[in-house]
Enquirer: 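Okay, handing you the structure first.
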Amino acid sequence: MEASYLIKNIIYSYRDKLEIKELDLDTLEVRDARMMKSIVFKTNSLLDFLVEFLEKYGVKASRDTVLAYSFKDIKVTDWKEIYNEIIKSEYVKSTQFNKDNPSFKWYNDKGFQLGSYAEFFLHYEPINYVSLTNLVRSFNIGLTQVNIGRPSNMFKAIKDSYLRQQIDGYEHEIGWNKITTVRLENITTDCENLLQQVLYIISKYTHSNVYPSIKCPFTKSENSDGYYKKVSDKNRGYLKKAKYIEPIMYYNLAKSENTTGKILNFYKAVEFFYEINRDEELISFIQNFEHGLSPSDLKLQLKGLLGDKEIGKLILVFKRIEKELNLVINEAFENKLIQNKTVESFANCFYRKRNELVHHREKKQIFRILSSNDLTLWASVFERVAEICINDFCFDLQSI
């Protein structure tokens, strides 16, 4: 079966290091003998995943047709290779895979948990560049055994596509021999609590100027542009005096902050335009007033313009820049940050994320290692929205 071939291709590079067994015509079991854990891949689940994935892009298919590699109005020379990449990078995150492996939890830039076993990237200089000899290697926290070393074969197979995405563009070849993981076995309590204590223990028993963290050392983050960011926009419109300097100040401040600080300051850059935009919209409404409007329609439009809720003002700004926002909204949807592509839905999710961070600070809540997977993605979204607003309001540039 073609679907079976696609499944086997996921773990093809590690076929000699993992135990692979066909339980039936629909099910393939992959087992790591060292960690004594296994996951299953079901062909029908994979087909359902591919159908759902294509539907997001307006392509209709079914279990029977999804592997035909022939879709109307779509001209692609190598569907099989595209499917391989999609499956390797996305399938283990899907609801279909999770349904077949209910004890499996995926943490995008960190690792995974499989029942009482979990494994995560560990970033701690100098271990990722020198050796493991200066690092505490094995210890217990209660009944849970903690081991630090090179990744398990299961981890490599599951995270292979993710690592390749992160190291794409690096000058020197980077392989799994440059990666360190922390493995937790016999987990009997909250995995988050264990990881927090692991980081503290590592910091106490080894020496480095960089505090340990649970992430891939080569993760493309908000700082991945480095010193040589490609200049994609040389519009001379930026050389004229900006109408407003405050939002640019917030933008500059955000660029030097951590992820949370970035989001909050990019939001302030957008928020700066709430009243300015509403005043302009109100003037435009008065100047173009339609005398044939019914009293109810008039009240409805005025309510939208004069409402004092922040979310209403945010939606007004987003409607003004909707054309420029479309690409950002589409990417947010693809990254599962939003559920649908309407401006209103995007604005509500955007506003909710900002409030979540503000309330965490006000209530002195602590961000959890395993609950911040989407922050870097959101930081990029907030930055691009702030750029679009600055371009439009400060420089009268309608595209970036």
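Being a predicted model, the structure only gives us computed values, none of them experimental.
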Enquirer: Angle class for the Phe346/Phe350 ring planes (parallel below 30°, perpendicular above 60°, tilted otherwise)?
Expert: tilted
Enquirer: Looking only at heavy atoms, what is the nearest atom pair of Ser152 and Met35, with distance?
Expert: OG-SD, 4.0 Å
Enquirer: Under the side chain to side chain contact (heavy atoms under 4.5 Å, CB included) criterion, do Val92 and Ile39 qualify, and how do the steps go?
Expert: CA-CA 10 Å; Val92 293; Ile39 54 178; 5.8 Å; no
Enquirer: Is there a path of hydrophobic side-chain contacts, each under 4.5 Å between heavy atoms, that joins Ile311 and Leu264?
Expert: yes
Enquirer: For the residue pair Asn335 and Leu377, establish whether any side-chain heavy-atom pair is separated by less than 4.5 Å.
Expert: yes
Enquirer: Set out, in order, the CA-CA distance, both residues' side-chain angles and the distance that settles side chain to side chain contact (heavy atoms under 4.5 Å, CB included) for Arg183 and Gln145, then state yes or no.
Expert: CA-CA 8 Å; Arg183 299 191 302 274; Gln145 183 177 357; over 6 Å; no
Enquirer: Phe395: which residues meet the ring pair (Phe, Tyr, Trp, His ring centres under 6.0 Å) condition with it, sequence neighbours left out?
Expert: Tyr238
Enquirer: Answer yes or no: is there an ion pair linking Glu119 with Lys159, defined by an N-O contact shorter than 4.0 Å?
Expert: no
Enquirer: Tell me every residue that passes side chain to side chain donor-acceptor pair (under 3.5 Å) with Ser138, counting only those two or more places apart in sequence or in another chain.
Expert: Asn147
Enquirer: Got Ile148 and Phe139 here, is their nearest side-chain heavy-atom distance under 4.5 Å?
Expert: yes
Enquirer: Distance check, rounded to the nearest 0.5 Å: Leu327 atom CG versus Lys323 atom NZ?
Expert: 13.0 Å
Enquirer: Could you tell me whether a side-chain N or O of Asp24 sits under 3.5 Å from a main-chain N or O of Thr27, the two making a donor and an acceptor?
Expert: yes
Enquirer: Within the 4.5 Å heavy-atom criterion, are Phe41 and Val30 side-chain neighbours or not?
Expert: yes
Enquirer: Would you check if the distance from the ring center of Tyr251 to the ring center of Phe266 is below 6.0 Å?
Expert: yes
Enquirer: Is it true that Lys353 and Asp374 make a salt bridge, defined as a side-chain N closer than 4.0 Å to a carboxylate O?
Expert: yes
Enquirer: Please report the closest heavy-atom contact between His123 and Pro217, naming both atoms and the distance.
Expert: ND1-CB, 3.3 Å
Enquirer: Taking atom types as modelled, is there a side-chain donor on Asn98 or Thr95 under 3.5 Å from an acceptor on the other?
Expert: no
Enquirer: Please name all residues satisfying salt bridge (charged side-chain N to carboxylate O under 4.0 Å, His left out) with Glu246, sequence neighbours left out, ordered by chain then number.
Expert: none
Enquirer: Given 3.5 Å as the limit, does a donor-acceptor pair link the side chain of Asp392 with the main chain of Leu397, or not?
Expert: no
Enquirer: Would you say the side chains of Thr180 and Arg150 form a donor-acceptor pair under 3.5 Å?
Expert: yes
Enquirer: Considering all heavy atoms of both residues, which atom of Thr181 and which atom of Pro151 are nearest to each other, and what is their separation?
Expert: OG1-CA, 3.6 Å
Enquirer: Is there a side-chain contact between Glu19 and Asp32, using heavy atoms and a 4.5 Å cut-off?
Expert: no
Enquirer: Treating Asn101 as the side-chain partner and Val40 as the backbone partner, does any N or O pair qualify as donor plus acceptor under 3.5 Å?
Expert: yes
Enquirer: Between Asn277 (side chain only) and Phe273 (backbone N and O only), is there a donor and an acceptor less than 3.5 Å apart?
Expert: no
Enquirer: Decide yes or no for Leu325 and Val385: does some side-chain heavy atom of the first lie under 4.5 Å from some side-chain heavy atom of the second?
Expert: yes
Enquirer: Ring centroid separation for Phe393 and Phe272, is it under 6.0 angstrom?
Expert: no
Enquirer: With a 4.5 Å heavy-atom cut-off, do Tyr250 and Tyr267 have their side chains touching?
Expert: no
Enquirer: With clusters defined by side-chain heavy atoms of hydrophobic residues (ILVMFWY) lying less than 4.5 Å apart, directly or transitively, does Ile276 cluster with Phe318?
Expert: yes
Enquirer: With heavy-atom distances below 4.5 Å as the criterion, would you say the side chains of Val198 and Ile214 are in contact?
Expert: no
Enquirer: Applying salt bridge (charged side-chain N to carboxylate O under 4.0 Å, His left out), name anything that partners Asp279, two or more places apart in sequence or on another chain.
Expert: none
Enquirer: Please determine whether a side-chain nitrogen of the Lys or Arg among Lys313 and Glu271 lies less than 4.0 Å from a carboxylate oxygen of the Asp or Glu.
Expert: no
Enquirer: If we only count heavy atoms from C-beta on, is the Asn348 to Arg352 side-chain gap below 4.5 Å?
Expert: yes
Enquirer: Quick check against the 3.5 Å criterion: does Asn265 have a side-chain atom that pairs as donor or acceptor with the backbone of Gly261?
Expert: yes
Enquirer: Looking only at atom types and distance, does a side-chain atom of Lys37 sit under 3.5 Å from a main-chain N or O of Arg31, one as donor and one as acceptor?
Expert: no
Enquirer: If the condition is salt bridge (charged side-chain N to carboxylate O under 4.0 Å, His left out), which residues does Glu331 pass it with, not counting sequence neighbours?
Expert: Arg384
Enquirer: Please step through side chain to side chain contact (heavy atoms under 4.5 Å, CB included) for the pair Lys42 and Lys99, ending with a clear verdict.
Expert: CA-CA 10 Å; Lys42 292 181 177 288; Lys99 183 179 178 181; over 6 Å; no
Enquirer: Checking Thr144 side chain against Asn186 main chain: does a donor-acceptor pair fall under 3.5 Å?
Expert: yes
Enquirer: Can you find a side-chain donor-acceptor pair between Asn340 and Thr342 that sits under 3.5 Å?
Expert: yes
Enquirer: The test is side chain to side chain contact (heavy atoms under 4.5 Å, CB included); show your working for Leu122 and Leu199 and say whether it passes.
Expert: CA-CA 9 Å; Leu122 177 64; Leu199 296 183; 4.1 Å; yes
Enquirer: Centre-to-centre under 6.0 Å for Phe155 and Phe120, is that the case here?
Expert: no
Enquirer: Could you point out which residue of Tyr91, Tyr117, Phe97 forms a ring-ring contact (aromatic ring centres under 6.0 Å, His included) with Phe104?
Expert: Phe97
Enquirer: Mind checking ring pair (Phe, Tyr, Trp, His ring centres under 6.0 Å) for Tyr274 and listing every partner two or more places apart, or none if nothing turns up?
Expert: none
